[in-house]
2 protein chains.
Amino acid sequence: MISPDRFLADLERLRHFGAAGVGKGVVRPAYTAPDVEARDWLAARMTEAGLAPRFDAMGNLFGLADGPSLLLGSHSDSQPTGGWLDGALGVIAALEVARASREAGGPAISVVSFEDEEGRFGVTTGSAVWSGGLSLAEADVLTDHDGVSLAQARAILGDRVGPDIDPAQFTGFVEMHIEQGPTLDTVGEQIGVVTEIVGIRDRVITLTGQQNHAGTTPMALRRDAFQGLAAFNARLNERFRNVVTPQTVWTIGHVSVGPNASSIVPGEVRFSMQWRDGDPDRLGRMEEIIESTVQEIASEMGLTVAFGPLLGLEPVKMDADLRARLEQAADMIAPGAWRTMPSGALHDATNLSRLMPVAMLFVPSIGGISHAFEEDTDEQDLVAGLRVLAHAAGVDQALT
Amino acid sequence: MISPDRFLADLERLRHFGAAGVGKGVVRPAYTAPDVEARDWLAARMTEAGLAPRFDAMGNLFGLADGPSLLLGSHSDSQPTGGWLDGALGVIAALEVARASREAGGPAISVVSFEDEEGRFGVTTGSAVWSGGLSLAEADVLTDHDGVSLAQARAILGDRVGPDIDPAQFTGFVEMHIEQGPTLDTVGEQIGVVTEIVGIRDRVITLTGQQNHAGTTPMALRRDAFQGLAAFNARLNERFRNVVTPQTVWTIGHVSVGPNASSIVPGEVRFSMQWRDGDPDRLGRMEEIIESTVQEIASEMGLTVAFGPLLGLEPVKMDADLRARLEQAADMIAPGAWRTMPSGALHDATNLSRLMPVAMLFVPSIGGISHAFEEDTDEQDLVAGLRVLAHAAGVDQALT
């Protein structure tokens, strides 16, 4: 039977590996001692739950049930300065559901904690390699900010590493996660059933005008690259109105002005343009609008424009059946207090969609805060998420 | 008699002290060996012209005529990478006018080359100290980018230094300079008679919103500091339309976004807001508009705003009589090809206005370029400027 107390106690225990800062902060990046110690503890808890713990070469830790099974989980590594829930929540919820199901003679449930979801090397690195999106050889040469290669870093795993885990034994993957955004917390709801993980487009755009003396260059003769960016931004926001949905987001997050001095008319501005949506067609229409708008502004203002490469990840639809099971569970456990919503952030489920049906559910992030020591979620919402996950996995809902 | 050839030859000779880069580039910052060698050469040329060369403690080099005299000149130090004209033009033009006047038995004309106009230490440092705007003790503790103090740097002057030069012997100051902007070059005119040196206001403004995940934070819930800056910029440009003249300029030249990452909604943006105009009332009205507009935007977008100190220099009107003499000369020498205009850049004349009547004239900067190796002016425009200066100083216009 599902035990909220045991679940919360395990979550609390996991937090102490790398506990840092005030409150519930955690510093447990991939392949650090706290990360590997946490995985050893998890492996022991898997064994106690009757699951067979297995590390693959990347350090992804599976707790295997016998025969074909649903796979539940997430990741237990953290950001350099992170919170206690993030991926840890999905791992411990999976452990509790698998353990309770086994105790009750329910369906076979396996558990996973992927490694380096937070991207010390690459992006969602452990699940990218396991799902074949990235080869181990490609991954091994990736380096972190200190120049350490992944090959060097994963040597810490030593003799834990075993053979590859065959994905064919899993019938699907369900990941529970904190929302990492403010939507559920703002509307006061407990559960978000994810419809899709949005696609991302990201490109660097450079506008070049003419660097000039800010005292002697009349406004009418300026070709001010920063003014170009500001005009582009305004016109883009206007044009996007007819194209976007309330879930679409776009961000100019990085801006670099040259030469960046108060007495010099900016000759160059380089900025990041990132946009996310669940619909690949909409991502494409937005791309066209961005390109034509920046070209227009450049031509009007006497600037030249250069586009960096277009980086992108396609949207991933959640599996209809798994999603329906989550919706039914949410409606039972949090009636009137759940919604469907896209995931604006990437997750391991993105990679796993190459291998099997995937689905996700969210619980609220207080204040929308994540990747920070202050990250937190109300206990009753954590438990509601656990119950929705268990119900969707076909596990008995009686509570101890 | 005014000799364009002698003038151009001296200008060319001066260029060789610190000649650098391709074309006519010059590297002759204040108190470097090329700067002091150039001053020694200038002092010798002054002596040959019948003027008494005198260095003051700052390294300002005066070539004194007997008795009361008009003072002509500018500065012979350059930017770290500068052009051959900038201040050098005004110094050599002054030398030629003083020399020709003395030869022809004309009015007494003295010459000056101020030191560190380009601000290796402070701003227009040599003339600031001579005019009493800055004490020598205050100036001596100023340091350059390498941490060298002015006191250390000016030790290179050695025993050149003599007593202070009494400003009471000068009846006024006229400075010829390149425009350092594109106006004259764009309209194809030869001479600009300066009406005033504009005043400057400069302040750093910080907008603070909420740093957030760029994937999971819906547009409607964002408090994006960069969007605040862009909205402020647009509204400000709109509002200034009813207040500014074609000579007014304003610039956002420095922008610093925090944390400045493509996947993070900017939580903070710090930017410079600089504006210049010849009318102190207009500068004040613009200040009010900036303040109320940024407050409005901050309130509409859920941002907070912090203002840095308001830095400023007051506008300096040119002396009506000296200016009238320059206008009369320009109309004779460049009929239909001159205009009155403000100076958007600071000059030594700003400081000298504390001591005596001042006036300025400009010749075109090709392409508006200055403070760069490419800085240049057509020879015929240089000579036109020389002749206007001579005529305004009451010196015989016959040419050799």
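Here is the naming used below: chain letters follow the sequence lines, and residue numbers restart at 1 for every chain.
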Enquirer: I'd like to verify something: which residue of Gly215(B), Pro182(B), Pro342(B) has the highest number of heavy-atom pairs under 4.5 Å with chain A?
Expert: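 Max contact count across the listed options: Gly215(B).
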Enquirer: Any chance you could measure Thr216(A), atom OG1, to Gln180(B), atom CD, to the nearest 0.5 Å?
Expert: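 So the gap between those two atoms works out to 6.0 Å.
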Enquirer: Please classify the contact of Ala214(B) with chain A as side chain, backbone, both or neither, using a heavy-atom distance under 4.5 Å.
Expert: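 Both parts, backbone and side chain.
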Enquirer: Please classify the contact of Gln274(B) with chain A as side chain, backbone, both or neither, using a heavy-atom distance under 4.5 Å.
Expert: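 Gln274(B) touches chain A through side-chain heavy atoms alone.
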Enquirer: So what's closer than 4.5 Å to chain A heavy atoms on Ile252(B): side chain, backbone, both or neither?
Expert: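 For Ile252(B), the contact with chain A is made by backbone and side chain together.
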Enquirer: I want to check something: taking the side chain as every heavy atom from C-beta on, are Pro246(B) and Pro218(A) in contact at a cut-off of under 4.5 Å?
Expert: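 The answer is no, as the side chains (C-beta and beyond) never meet within the 4.5 Å cut-off.
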Enquirer: What distance do Thr251(B) atom OG1 and Arg222(A) atom CZ have between them, rounded to the nearest 0.5 Å?
Expert: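 One finds 3.5 Å between OG1 of Thr251(B) and CZ of Arg222(A).
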Enquirer: With chain B as the partner, which of Ser256(A), Ser272(A), Ala261(A), Ser370(A) has the greatest number of non-hydrogen pairs under 4.5 Å?
Expert: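 Highest number of heavy-atom pairs under 4.5 Å: Ala261(A).
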Enquirer: Heavy atoms only, distances under 4.5 angstrom: which of His371(A), Glu179(A), Gln247(A), Gln227(A) has the most pairs with chain B? Name it, please.
Expert: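 Highest number of pairs under 4.5 Å: Gln227(A).
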Enquirer: Between Met219(B) and Val244(A), is any pair of side-chain heavy atoms under 4.5 Å apart?
Expert: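 No, too far: nothing below the 4.5 Å cut-off.
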Enquirer: So for atom CZ, which belongs to Arg239(A), do other residues, nucleotides or ligands contribute more than 12 heavy atoms lying within a distance under 6.0 Å?
Expert: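 Yes, because the 6.0 Å sphere around CZ of Arg239(A) holds more than 12 heavy atoms from other groups.
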Enquirer: With a 4.5 Å cut-off on heavy-atom pairs, point out which of Val269(A), Val249(A), Leu346(A) contacts chain B the most.
Expert: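 The answer is Val249(A).
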Enquirer: Counting heavy-atom pairs under 4.5 Å to chain B, which of Ala230(A), Ala225(A), Pro266(A) comes out on top?
Expert: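 Among the listed options, the one with the most contacts to chain B is Pro266(A).
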Enquirer: So for atom CZ, which belongs to Arg270(A), do other residues, nucleotides or ligands contribute more than 12 heavy atoms lying within a distance under 6.0 Å?
Expert: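 Atom CZ in Arg270(A) is not packed in, count stays at 12 or less.
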Enquirer: Side chain, backbone, both or neither: which part of Leu229(A) has a non-hydrogen atom closer than 4.5 Å to chain B?
Expert: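 Only the side chain of Leu229(A) comes within 4.5 Å of chain B.
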Enquirer: Please state whether the side chain, the backbone, both or neither of Thr186(B) comes within less than 4.5 Å of a heavy atom of chain A.
Expert: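 Answer is side chain: those atoms of Thr186(B) sit under 4.5 Å from chain A.
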Enquirer: Can you say whether the rings of Phe226(A) and Phe226(B) are parallel (under 30°), tilted (30 to 60°) or perpendicular (over 60°)?
Expert: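 Ring orientation, 0 to 90° scale: perpendicular.
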Enquirer: Select one option (side chain, backbone, both, neither) describing which atoms of Val255(B) are under 4.5 Å from chain A's heavy atoms.
Expert: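 Looking at Val255(B), backbone and side chain both touch chain A.
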Enquirer: Picking from Asn212(B), Thr217(B), Ile200(B), which has the most non-hydrogen pairs under 4.5 angstrom with chain A?
Expert: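 Going by pairs under 4.5 Å, I would pick Thr217(B).
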Enquirer: Report which part of Trp275(B) has an atom under 4.5 Å of a heavy atom belonging to chain A: side chain, backbone, both, or neither.
Expert: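 Neither part.
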Enquirer: What part of Ala345(B) is in contact with chain A, defined as an atom under 4.5 angstrom from a non-hydrogen atom: side chain, backbone, both or neither?
Expert: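 Both parts, heavy atoms under 4.5 Å.
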Enquirer: Under a 4.5 Å cutoff for heavy-atom pairs, which residue among Gln210(B), Met273(B), Gln211(B), His213(B) has the most contacts with chain A?
Expert: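 Highest number of heavy-atom pairs under 4.5 Å: His213(B).
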Enquirer: Taking the side chain from His254(B) and the backbone from Asn260(A), do they hold a donor-acceptor pair closer than 3.5 Å?
Expert: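 Pair found, side chain donor or acceptor close to backbone of Asn260(A).
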Enquirer: Out of Asp224(A), Asn233(A), Asp202(A), return the one with the most heavy atom pairs under 4.5 angstrom to chain B.
Expert: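 Most heavy-atom pairs under 4.5 Å with chain B: Asn233(A).
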Enquirer: Do Ser263(B) and Arg276(A) come close enough that some side-chain heavy atom pair is under 4.5 Å?
Expert: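 The answer is yes, as the side chains (C-beta and beyond) meet within the 4.5 Å cut-off.
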